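What follows is a set of notes on a single structure, which appears directly below.
None of these values were measured; they are calculated from a predicted model. Chain identifiers are assigned alphabetically (A, B, ...) following the order of the sequence lines, protein sequences preceding nucleic acid strands; residue numbering begins at 1 within each chain.
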There are 2 protein chains.
Amino acid sequence: MASRKSRPERRQEPLSRKRIVTAAVELLDTVGEGGLTFRALAERLATGPGAIYWHVTGKTELLLAAIDAVIAPTLAGDDTGKTPQEAIRALALGVFDAIDAHPWVGATLARLPRTPGKSPMLRVFERIGRQVQALRVPEAAQFTAASALLSYILGVAGQNAANTLAARANTDRAAFLDAVAAAWRELDPDQYPFTRDVAGQLREHDDRAEFLAGIDLILAGITAGRADGRTRP
Amino acid sequence: MASRKSRPERRQEPLSRKRIVTAAVELLDTVGEGGLTFRALAERLATGPGAIYWHVTGKTELLLAAIDAVIAPTLAGDDTGKTPQEAIRALALGVFDAIDAHPWVGATLARLPRTPGKSPMLRVFERIGRQVQALRVPEAAQFTAASALLSYILGVAGQNAANTLAARANTDRAAFLDAVAAAWRELDPDQYPFTRDVAGQLREHDDRAEFLAGIDLILAGITAGRADGRTRP
DNA sequence: AGGCCGACTGGAACGCTGTTCCAGAAGGCT
DNA sequence: AGCCTTCTGGAACAGCGTTCCAGTCGGCCT
């Protein structure tokens with residue numbers, strides 16, 4: 001056995017960048033953003049903190065890699081046979097769900113230093129942009145349209161992730177929404193008339209549907225503006 | 001003098017919550033998000049870290065208060081005499097500019113735990129909502145419309161803040177944009193055709209105008225949906 | 001076969017953080 | 001005068017990201 005190239009295996013399973021990133025994602029998912037610690041990671045991998053630095057330059061790169069690993073499946077989808085609107089909706093929902101399933105992505109994306117070309121979101125931007133082109137948006141407005149969509153997606157997903165984290169702190173999501181609605185209803189009627197009015201809608205609202213409605217709003221605005229260049233005077 | 005109520009003044013200027021928050025904002029503005037340290041704050045206030053905790057429960061509350069202090073001026077504006085669209089645009093621009101001038105707000109908002117009724121953005125939400133009502137949006141859609149607008153505002157402002165920080169790391173903003181555009185143009189033509197196409201627009205694009213265009217997009221979507229359910233064919 | 005050398009490991013240590021603790025100073029009240 | 005609440009600020013603690021380095025291991029060269 002061990003023909004010419006026996007398994008290197010100086011341990012059951014050698015440390016590798018992939019194994020580290022996988023463990024990091026698991027850690028982030030189970031104990032949250034603050035739970036990712038080089039010491040906790042080292043313990044989970046049965047090694048010391050120093051060994052990790054051989055494969056990864058630091059925490060920033062590790063977080064970027066973790067985000068990439070979590071977003072990547074979304075980008076594997078196929079757009080052929082869909083209208084641009086459908087493709088954008090599907091892509092947006094994919095990102096939304098990914099961030100909802102891994103709430104730490106939202107907060108981390110906002111905090112991380114942006115290296116020019118290396119943002120994990122560049123691939124998402126590209127995919128959105130192609131569909132914007134397919135929508136026959138004038139060239140000069142393409143950047144604006146794609147940026148607006150991406151910013152909206154990241155904004156809502158981030159907001160939603162923060163709420164998910166807050167709700168997770170409480171035991172129940174429904175109970176959490178009830179608590180917020182109750183808090184809203186007890187606001188000063190003079191200062192917060194609108195918020196009090198819509199407190200009821202909060203209780204039974206669907207984050208995903210809300211999100212998609214916003215996407216449709218923007219898509220409507222894009223296509224409306226495409227027709228004649230600007231909105232009503 | 002010092003009639004009946006002489007100034008307490010057990011030191012030149014007694015420590016107070018307001019003084020602490022002011023110093024915190026200055027620190028955040030000058031040295032960035034990571035520069036706000038209880039020790040640095042204590043040194044700037046000529047005291048020790050322990051004293052700060054008498055006036056402020058912890059770093060989270062301090063950050064929330066700092067955000068509030070920075071956003072508050074924006075909410076002092078008067079909406080009378082404006083159309084709802086104008087009022088929303090002015091409010092959105094105010095928040096955008098505030099976050100642009102204090103980039104740490106963007107990242108901090110995404111990271112902070114949401115206490116149900118106490119988010120610093122609740123007042124912004126309220127102000128937007130009132131204008132949404134003034135736009136005669138159907139009641140059932142008001143929450144959606146206001147949420148979409150707020151999420152977009154926070155999303156773009158957050159993105160923009162991250163870029164501002166990245167650009168600030170480099171010496172020059174123009175040079176930074178050039179670097180990004182150059183990086184985009186060198187991407188794989190098969191994988192990133194759209195991003196390469198719009199790289200040129202990045203160089204001379206105006207973040208504020210871009211942002212406002214997105215607001216108008218959403219407003220167009222909202223009002224288009226209101227009028228008759230769809231735009232002209 | 002023997003020796004060497006780069007790849008890789010993991011534990012100790014450094015400087016920093018948020019937070020807690022507590023001895024004590026400072027003024028108002030009885 | 002004495003107390004008592006409010007407020008101060010320095011010391012101490014646990015934990016963080018990161019660096020350092022003595023050591024181990026496998027494969028290659030002679």
Nearest-nucleotide wise, let me know which of B:Trp54 and A:Gly58 is further upstream toward the 5' end of DNA chain D. B:Trp54
Contact nearer the 5' end of DNA chain D, comparing B:Pro49 with A:Gly34: B:Pro49
Which residue in the set A:Leu36, A:Val105, A:Val21 passes side-chain contact (heavy atoms from CB on, under 4.5 Å) when paired with A:Leu63? A:Leu36
Would you check if [X] and [Y] make a side-chain contact, meaning some heavy-atom pair closer than 4.5 Å?
{"X": "B:Phe96", "Y": "B:Ile153", "value": "no"}
{"X": "B:Glu26", "Y": "B:Arg44", "value": "yes"}
{"X": "B:Leu41", "Y": "B:Thr37", "value": "no"}

Distance check: side-chain N/O of [X] vs OP1/OP2 of [N], anything under 4.0 Å?
{"X": "B:Thr47", "N": "D:dT8", "answer": "no"}
{"X": "A:His55", "N": "C:dA7", "answer": "no"}
{"X": "A:Thr37", "N": "D:dC16", "answer": "yes"}

What is the distance, to the nearest angstrom, from the CG atom on A:Leu45 to the P atom on C:dT9?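 Checked: the CG to P distance equals 10 Å.
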Which nucleotide in the set D:dC7, C:dT19, C:dC8 lies at the smallest distance from any side-chain heavy atom of B:Lys59?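 From the listed options, C:dT19 comes nearest.
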Would you indicate what A:Leu41 reaches in the nucleic acid, counting non-hydrogen atoms under 4.0 angstrom: base, sugar-phosphate, or nothing? nothing
Counting any heavy atom closer than 4.0 Å, what does A:Leu62 reach on the DNA or RNA strands: base, sugar-phosphate only, or nothing?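 No contact.
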Pair of N/O donor and acceptor under 3.5 Å linking D:dG17 base with A:Arg39 side chain: yes
